[in-house]
Amino acid sequence: MHDLKKLRESPEYIKDVLARRGVSNPWKDWNDCDGPFDLERFFRLQNEELSLLREVESLRTRKNQIAAEFGKLKMAKEDTTALAEEVENLKVNLVDKEAKLAPLNAIMEAAALRIPNRLDDSVPFGKSEADNPLVREVGTKSLFDFTPKAHWEIGERLGILDFAAAAKLSGSRFSVLKSDGARLERALISFMLDVHVREHQFVEVLAPYLVNPKSLQGTGQLPKFREEVFKLAQDDLYLIPTAEVTVTNLHRDDLLEEKDLPLKYVSYSACFRREAGSYGKDTKGLIRNHQFNKVEMVYFTTPERSFADLETLTNEAEAILRKLNVPYRVISLCSGDTGFSSAKTYDLEVWMPGENRWREISSCSCFTDFQARRMNIKYKNAQGKKELVHTLNGSGLAVGRLFAAILENFQLKDGSVSVPQPLLTYMGKDKITI
RNA sequence: GGAGGGGUGCUGGAGCGGUUGAUCAGGCCAGUCUCGAAAACUGGUAGACCUCUUAAAGGGUCUCGAGAGUUCGAAUCUCUCCCCCUCCGCCA
């Protein structure tokens with residue numbers, strides 16, 4: 001969420017925010033307000049809201065004065081009928097004005113929640129993922145003297161992936177891991193957590209998978225991505241789409257100390273996404289499941305260093321791929337492809353020889369103060385002043401996709417898969433065979 | 001699920017319906033003292049928003065778990081909801 005005062009005082013600011021994203025009307029698809037909503041209406045309602053607020057406040061001022069005088073008169077046993085009469089008329093007016101103001105407040109807040117974060121100057125302009133510039137490519141793609149298979153073929157043949165069983169249990173876009181598959185998944189989770197905790201000084205967190213709507217709003221999943229999250233209707237609870245939600249909300253309404261920043265957390269969690277609107281896309285394998293495992297990294301930092309921290313965070317995610325020797329590339333998301341709450345995002349993509357394409361495996365973003373403002377997360381700076389923190393997060397990494405990348409990159413001609421060296425102690429073997 | 005207790009500022013803890021945004025203590029910050037520190041003493045210590053000013057200061061509104069109500073006036077009374085704690089039952 002943006003600073004409301006800034007939005008009001010500077011139409012130029014909001015126009016700049018939108019222009020950077022190439023968005024002309026952030027409310028285009030907004031259906032919960034009566035009638036079309038655009039910038040013009042936004043500013044008009046803002047003015048109405050403000051003048052109404054001033055009226056309400058001055059009426060309340062008088063009301064409070066009357067109450068105080070009333071008390072004094074009562075104490076002195078003097079006549080209060082004149083005041084009683086005045087306040088009675090005043091209240092009729094006040095109630096009327098307040099009744100007009102409340103819905104206006106609500107609609108303006110909802111409108112403000114739909115304005116995306118301001119992109120950093122370094123974010124390249126572009127329309128779609130086709131315009132994302134390559135930052136670097138690391139590792140070399142293996143040469144196969146056979147046609148490499150897709151991970152679902154390898155996995156099913158080895159008996160470590162069972163999509164038929166998953167369909168029986170739950171439906172499409174789920175997976176069942178068995179034997180060395182289950183163990184590999186667990187190995188990857190442990191390995192990544194260990195690297196981040198031991199080598200990158202993260203604090204490990206294990207948090208609930210069910211959260212209240214307020215937590216989802218804090219990180220910006222609501223109201224914008226309502227369609228994406230699973231909701232438990234009876235309880236007003238939601239399944240987290242990422243551990244970013246729980247970990248970032250850990251410090252909601254907190255006041256942090258500057259000396260403790262950056263605070264670095266890493267959390268494993270299962271993640272749940274409805275994947276509405278992606279029917280028929282990536283229906284096979286582990287790439288796009290309703291439930292998947294992910295190790296997530298979160299930073300709470302200062303405005304001065306947040307973009308430098310984004311480089312560090314990205315590098316920390318990359319470290320996993322370098323250690324495993326999986327070829328990958330880093331791309332910088334262009335304006336059209338950067339997420340709603342993010343000011344700048346790097347994506348990590350791994351090479352999938354079976355599919356002959358790159359696949360996103362991590363997304364590292366700097367949210368500036370966009371999330372912190374909604375969550376009211378501040379820190380005391382050197383001058384003792386309270387200031388909003390900056391938040392960052394990145395996958396470190398998506399486990400299912402990494403699982404798939406390992407099967408595809410380290411598959412052998414005989415259908416077995418060699419286990420990368422760092423995973424040997426976790427797997428207890430160097431090869432997955434039938 | 002049953003019975004009971006409780007939610008107040010950074011923390012603890014007060015608060016007959018009337019200058020109580022809130023006594024007091026602790027913490028924290030600053031100052032005095034000191035070579036320095038401790039102790040002692042003095043002062044300061046909520047946030048959001050509106051308004052005013054070049055700025056500082058000032059004025060105003062709202063906030064005592066959340067929401068609604070009673071009243072001229074609510075932290076204080078009423079209702080609903082949420083959360084926490086204790087005991088019993090059930091349970092991984």
Side-chain angles (χ1 to χ4, degrees), chain A residues 1-10 13 43 45-113 206-218 222 231-238 246 249-261 263 270 369-389:
Chain A
M1 181 164 68
H2 287 276
D3 183 353
L4 292 177
K5 204 190 264 184
K6 215 162 174 184
L7 290 183
R8 173 156 47 233
E9 284 172 357
S10 170
Y13 172 76
F43 292 127
L45 290 186
Q46 219 164 36
N47 287 333
E48 270 180 47
E49 184 188 22
L50 201 52
S51 65
L52 209 47
L53 176 66
R54 289 190 202 117
E55 274 188 76
V56 164
E57 286 195 356
S58 69
L59 287 172
R60 285 207 273 236
T61 305
R62 182 56 194 151
K63 184 180 144 216
N64 290 341
Q65 283 172 355
I66 291 172
E69 287 171 35
F70 200 101
K72 279 183 199 149
L73 290 182
K74 262 280 190 295
M75 219 92 83
K77 298 205 160 58
E78 288 180 39
D79 182 51
T80 56
T81 51
L83 282 179
E85 207 172 298
E86 184 186 350
V87 83
E88 201 176 319
N89 294 327
L90 185 148
K91 274 167 92 173
V92 172
N93 194 8
L94 181 59
V95 166
D96 174 59
K97 293 275 160 42
E98 281 175 336
K100 283 179 181 150
L101 182 59
L104 208 47
N105 284 152
I107 200 169
M108 289 310 289
E109 194 191 324
L113 282 176
L206 202 51
Y209 296 169
L210 293 173
V211 295
N212 56 36
K214 200 173 173 188
S215 296
L216 282 177
Q217 184 172 308
L222 287 182
K231 180 180 182 181
L232 280 74
Q234 282 192 327
D235 302 284
D236 203 22
L237 287 169
Y238 297 80
T246 38
N249 275 281
L250 275 184
H251 285 300
R252 191 165 72 204
D253 293 318
D254 273 358
L255 180 64
L256 307 173
E257 293 292 332
E258 181 166 22
K259 66 174 166 55
D260 297 331
L261 302 180
L263 276 173
D369 60 9
F370 198 77
Q371 293 182 326
R373 182 171 295 106
R374 224 182 289 192
M375 281 188 276
N376 189 31
I377 306 175
K378 296 184 176 176
Y379 75 102
K380 220 185 275 180
N381 67 18
Q383 289 77 44
K385 239 190 118 189
K386 290 170 188 174
E387 201 173 345
L388 292 166
V389 301

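Labels below follow one simple rule: chain letters A, B, ... track the order of the sequence lines, proteins then strands, and each chain is numbered from 1.
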Could you give the distance separating B/C87 and B/C28 at their P atoms, to the nearest angstrom?
-> 34 Å

Interatomic distance where CE belongs to A/Met75 and C1' belongs to B/G73 [whole Å] | 11 Å

A/Leu261 and A/Val389 have their tightest heavy-atom pair at CD1-CG1, 4.4 Å

Can you find a side-chain donor-acceptor pair between A/Glu387 and A/Tyr379 that sits under 3.5 Å?
-> yes

Euclidean distance for P, B/U76 against B/A68 (whole angstrom) | 14 Å

Sticking with atom P, work out how far B/G5 lies from B/C91, rounded to a whole angstrom.
-> 28 Å

Between A/Thr246 and A/Asn249, is any side-chain donor less than 3.5 angstrom from a side-chain acceptor?
-> no

Separation of the P atoms in B/C83 and B/C24, to the nearest angstrom | 35 Å

Taking atom P of B/G9 as reference, at what distance in whole Å does atom CG of A/Asp253 sit?
-> 12 Å

Nearest non-hydrogen partners of A/Ala372 and A/Leu388, listed with the distance = O-CD2, 3.7 Å

When you compare B/G2 with B/C77, how far apart are their C1' atoms, in angstrom units rounded to a whole number?
-> 29 Å

Does a side-chain heavy-atom distance below 4.5 Å link A/Lys97 with A/Leu59?
-> yes

Give the C-alpha distance, both sets of side-chain angles, the deciding distance and a yes or no for side-chain contact (heavy atoms from CB on, under 4.5 Å) between A/Leu256 and A/Leu263.
-> CA-CA 9 Å; A/Leu256 307 173; A/Leu263 276 173; 4.0 Å; yes

Ranking A/Leu83 and A/Lys74 by the position along RNA chain B of their nearest nucleotide, the one closer to 5' is A/Lys74

Would you check if A/His2 and A/Tyr13 make a side-chain contact, meaning some heavy-atom pair closer than 4.5 Å?
-> yes

Any stem touching RNA chain B, meaning at least three consecutive Watson-Crick or G-U pairs under 3.5 Å, ordered by first number, would be B:1-7 with B:82-88, B:10-12 with B:24-26, B:27-32 with B:40-45, B:46-51 with B:58-63, B:65-69 with B:77-81

Between atom CZ in A/Phe70 and atom P in B/A74, what is the gap in whole Å?
-> 13 Å

From CG of A/Leu255 across to C1' of B/G9 the rounded distance in Å is 13 Å

Summarise protein proximity over nucleotides 43-66 of chain B in one line of letters, 5' to 3': B for base, S for sugar-phosphate only, - for none, counting protein heavy atoms closer than 4.0 Å.
-> ---SSSSSS--------BBS----

For B/G26 versus B/C41, give the span between their P atoms, rounded off to a whole number of Å.
-> 9 Å

Nearest-angstrom distance from the residue atom NZ of A/Lys259 to P of B/C28 | 12 Å

Atom pair distance, as rounded to whole Å: CG in A/Asn89 and P in B/C72 | 13 Å

Any donor-acceptor N/O pair, A/Arg252 side chain to A/Met375 backbone, under 3.5 Å | no

Considering only the P atoms, how many Å lie between B/A3 and B/A92, rounded to the nearest integer?
-> 25 Å

Take A/Ser215 and A/Asn212, measure what side chain to side chain donor-acceptor pair (under 3.5 Å) needs, and give me the verdict at the end.
-> CA-CA 6 Å; A/Ser215 296; A/Asn212 56 36; 3.0 Å; yes

Nearest whole angstrom, please: distance from the P of B/G73 to the CG of A/Leu73.
-> 15 Å

In whole angstrom, what separates A/Glu69's CD from B/G18's P?
-> 18 Å

Integer angstrom distance from the C1' of B/U45 to that of B/G9 = 10 Å

Could you please spell out the steps behind the salt bridge (charged side-chain N to carboxylate O under 4.0 Å, His left out) verdict for A/Arg62 and A/Glu86?
-> CA-CA 10 Å; A/Arg62 182 56 194 151; A/Glu86 184 186 350; 2.8 Å; yes

